[in-house]
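Contents: one structure, followed by commentary.
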Amino acid sequence: VTRYRWATPWLFLAPVLALFGVFKFWPTIWGMYLSFFEVRPYLGNRWVGWDNFTTAFHDPVLRSAVGHTLLDAVVTVAASALLGFGLALLLEGPARHLRILRTAAFLPVVTAMVAVAELWNTLLYPGSFGTVNTLLGHLGLGAQPFLSSPHSSLASVMLVQVWKSAPYDMVIFVAGLAGIDRQLYEAAAIDGAGARHRLRHVTLPALRPVTTIVLTLGIIRGLRVFTEIYVLTGGGPAGSTETIVTYTYKEGIQNNTLGLASAVSTVLFLVTVLLTCLTLWWRRRKEA
Amino acid sequence: MCERSLIETKLNAAAAAHKLPDVVIDDGAQLGTFKKQGIITEVDKSKITGAGQVSATAWKSVADDKGATYGVPFSAQANVLLIRSDWLQKVHMQPPTTWDQLEAVAKAFTTQDPDGNGKNDTFGLDVPGSTQRGYLSWYWSNFLYQAGGDFLTPTGSGGFTSTIGSDQAVTAADFLKKLYCTDKVVQPGALNQVTTDTNKAFQTGVAGMYLTGPYAYATTDATAVKGKYAVVAPPAGPKGVGALAEGTTLYAMAGSQRSADFATLASYMVSPEAQTTGMTGVPTATIVRLPINTTVDAAEVHGGDPRWQTAQDVYAKSSTYEPVSAPDWQTYRNDASETLNKLLSGCGDSKQALAGLDSTYRSLLKK
């Protein structure tokens with residue numbers, strides 16, 4: 001019996017590995033394979049070599065979509081992390097009212113993105129009688145176009161994303177804060193460190209692993225941003241909120257060029273893997 | 001036009017498995033795309049009983065660029081203008097019949113508080129201006145046909161040439177641009193909106209004029225604006241009255257073992273009996289919009305409703321189908337939407353924008 005002991009963990013893992021294999025690994029590999037074809041489901045796929053990649057790299061629409069995606073990822077990840085950290089500092093602790101407040105703050109995370117997006121779409125209605133614009137009017141500010149102008153659409157979409165993901169980051173930070181040894185704070189206080197110094201020299205260093213997780217998850221989330229943009233703007237106006245995945249969707253589903261869509265997805269996948277590895281490497285180096 | 005990505009995704013899966021259904025009833029605008037994918041087969045008109053009763057316009061809409069028939073028309077429609085009659089009364093105007101009048105009414109609806117609530121919250125035109133699935137191009141094509149232009153023109157010997165850079169097309173783009181950029185009579189947020197949003201804008205009194213298909217009657221009548229709107233022919237542009245025509249088509253799918261049965265089904269689907277059932281069988285959704293069978297009268301079937309007479313007249317006399325037999329027509333439509341959306345949002349130069357679209361079309365046609 002002991003001869004087969006090595007198999008035990010694999011047997012336990014088997015059900016999930018089988019599911020992942022069928023629904024994740026195999027489709028990923030298949031998508032990479034399709035990148036090299038003109039996909040024709042009925043007539044049979046036609047080998048085109050690197051053509052799809054060449055087309056993708058030369059498409060100015062995709063280039064600006066990559067720009068929007070990176071900007072969106074950097075801004076929303078940074079803003080969500082900052083806001084999430086602030087919320088965590090305010091709402092960390094075992095008191096009952098804090099738990100209620102944390103739950104309230106966390107609600108956007110558990111709400112379906114489509115519902116959130118539709119709600120914000122209504123709130124950000126660009127006419128002077130839109131909800132947010134009415135409030136701005138009371139403050140003496142003019143009506144903002146929000147999602148309807150190419151100059152403010154990306155910022156508006158980012159706002160919605162930050163609103164939804166900051167509480168998620170908050171929860172991770174709260175967990176991180178709870179893990180910090182209280183004695184460190186006491187020792188620092190005895191040494192005469194004020195609140196600001198305790199934050200800088202005790203809290204922040206202790207939160208480094210947690211911050212890495214928040215940033216990694218945020219970047220992955222940012223690179224594949226789709227639902228909120230599809231619902232809020234569909235990539236418009238004038239392509240001002242087009243991101244890599246909305247571009248992929250349009251090419252693959254609307255224009256029926258599944259080979260090109262696969263090629264773009266493959267590149268996105270490889271870049272995500274690379275970024276994740278870099279973050280992990282950086283983290284290990286920092287913590288070593 | 002509506003959200004149809006599910007059926008397309010399913011068809012792709014079925015095609016890859018070589019297990020296509022025998023028949024697919026879908027948007028007529030899929031013809032060129034389906035044909036290029038090799039998933040539909042040619043139809044022998046002579047085997048269909050009652051083929052002679054089907055209107056020539058409808059048959060033309062299922063012909064490819066060489067004149068071969070690749071489907072059987074089941075339903076047709078042309079865009080009409082839905083207009084708030086109570087608002088017209090309030091601003092003392094008549095329904096517009098020309099571009100100038102359309103502009104004048106749109107301005108009045110925007111500035112003269114036609115709903116009388118004391119707020120500056122109404123607009124003249126209801127425009128689905130999103131690029132998703134080509135909505136903006138779909139809407140604008142009405143103006144394009146009124147100006148006498150077209151997206152692509154058949155060469156006659158199979159194939160197409162691009163005519164999207166023509167003066168007529170520029171005139172049509174300039175007109176929409178004027179309404180959006182200069183007159184500012186289009187509902188807010190139009191450039192992100194699809195028909196779900198514009199239906200709501202018309203039904204809730206945000207905008208007073210809506211160019212759309214006659215299927216909107218049933219849905220609009222289920223809302224508060226029932227009885228408060230009139231249906232008229234779209235306005236005349238430089239070329240005269242024009243409207244986008246669309247259809248629903250029966251496609252005979254490749255690999256089917258039952259091609260004889262297809263003729264039997266098609267013969268039934270074009271018959272007066274099936275056409276009438278399609279119009280009235282589901283009261284909330286007219287499955288057959290306008291009958292393609294010339295012996296069936298839409299207004300009569302709908303109990304003498306004059307709105308259906310209007311739609312039928314527009315379809316018969318003044319409507320144009322998009323060049324749906326062009327391979328991958330959807331791609332052309334999506335590209336037109338992207339161009340127009342960019343033009344309107346930046347209030348740029350129409351001629352330059354359409355010249356860019358023209359060169360995109362030319363390179364697509366070369367493929």
Side-chain angles (χ1 to χ4, degrees), chain A residues 30 34 38-45 51 55 59-61 64 117-118 121-122 124-130 133-134 137 143-153 156-157 229-242 246-247 249-258 260, chain B residues 4-6 8-9 11-18 20 30 33-34 36-40 117 119-123 129-136 187-194 197 206 253-255 327-328 330-335 337-346 348 364 367:
Chain A
W30 184 244
L34 288 181
E38 180 195 341
V39 177
R40 302 187 305 171
Y42 195 73
L43 300 172
N45 300 336
D51 274 12
T55 311
D59 190 346
V61 180
S64 70
E118 283 293 355
N121 207 2
T122 312
L124 294 176
Y125 190 76
S128 56
F129 40 91
N133 270 335
T134 309
Q144 297 300 311
F146 297 116
L147 297 159
S148 67
S149 155
H151 304 294
S152 55
S153 53
S156 310
V157 170
I229 295 199
Y230 187 73
V231 176
L232 286 168
T233 64
S240 58
T241 53
E242 198 80 83
T246 61
Y247 173 90
Y249 176 82
K250 277 189 182 167
E251 284 303 330
I253 306 295
Q254 296 189 7
N255 289 346
N256 259 313
T257 45
L258 285 166
L260 175 60
Chain B
R4 307 173 38 266
S5 44
L6 269 178
E8 282 153 29
T9 314
L11 269 181
N12 269 340
H18 278 248
L20 287 165
Q30 289 287 342
T33 306
F34 283 174
K36 191 188 166 201
Q37 291 174 342
I39 60 171
I40 54 173
N117 70 351
K119 286 185 198 153
N120 184 18
D121 60 355
T122 53
F123 295 86
S130 169
T131 57
Q132 283 184 50
R133 314 195 66 76
Y135 275 106
L136 183 53
Q187 95 279 12
L191 296 184
N192 290 331
Q193 297 191 346
V194 297
D197 309 300
V206 172
M253 304 310 280
D328 284 329
Q330 307 285 347
T331 309
Y332 293 87
R333 189 201 257 165
N334 292 338
D335 285 339
S337 288
E338 297 280 353
T339 301
L340 291 163
N341 188 283
K342 216 164 266 177
L343 172 70
L344 293 185
S345 71
L364 278 171
K367 273 188 190 170

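No hydrogens, no waters, no symmetry mates; every other heavy atom, side chains included, goes into these values. Residue numbers begin at 1 in each chain, while the letters A, B, ... track the order of the sequences.
For B:Thr33, the part lying under 4.5 angstrom from a heavy atom of chain A is the side chain only. For A:Glu242, the part lying near chain B is the side chain, with the backbone staying farther off; criterion is any non-hydrogen pair under 4.5 Å. Heavy atoms closer than 4.5 Å to chain A are found nowhere in B:Leu340, neither backbone nor side chain. For A:Phe146, no part lies under 4.5 angstrom from a heavy atom of chain B. Heavy-atom distances place both the backbone and the side chain of B:Ala254 under 4.5 Å from chain A. Proximity to chain B (any heavy atom under 4.5 Å) is restricted, for A:Asn256, to the side chain, taken from C-beta onward.
Ranking A:Gly234, A:Gly130, A:Pro237, A:Ser153 against chain B, the residue ahead of the rest is A:Pro237, based on heavy-atom pairs under 4.5 Å. For the options B:Ile39, B:Leu343, B:Asn341, heavy-atom pairs under 4.5 Å to chain A are most numerous at B:Asn341. By number of non-hydrogen pairs under 4.5 angstrom with chain B, the leading residue of A:Ser148, A:Pro126, A:Pro150, A:Ala238 is A:Ala238.
Heavy atoms only, all atoms of each residue included: A:Leu258 and A:Gly252 are closest at CD2-O, 3.6 Å.
To the nearest 0.5 Å, atoms OG1 (A:Thr246) and CD (A:Gln254) are separated by 10.0 Å.
A donor-acceptor contact under 3.5 angstrom links the side chains of B:Gln132 and A:Tyr230, judged on distance only. There is a side-chain donor-acceptor pair under 3.5 Å between A:Thr241 and A:Thr233.
Contact check for B:Gln193 versus B:Gln187: side-chain heavy atoms found under the 4.5 Å cut-off. Using a 4.5 Å cut-off on side-chain heavy atoms (C-beta onward), B:Asn12 and B:Gln37 make contact.
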> So A:Phe129 and B:Asn120, side-chain contact (heavy atoms from CB on, under 4.5 Å) or not? Walk me through it.
Replying inline: CA-CA 9 Å; A:Phe129 40 91; B:Asn120 184 18; over 6 Å; no
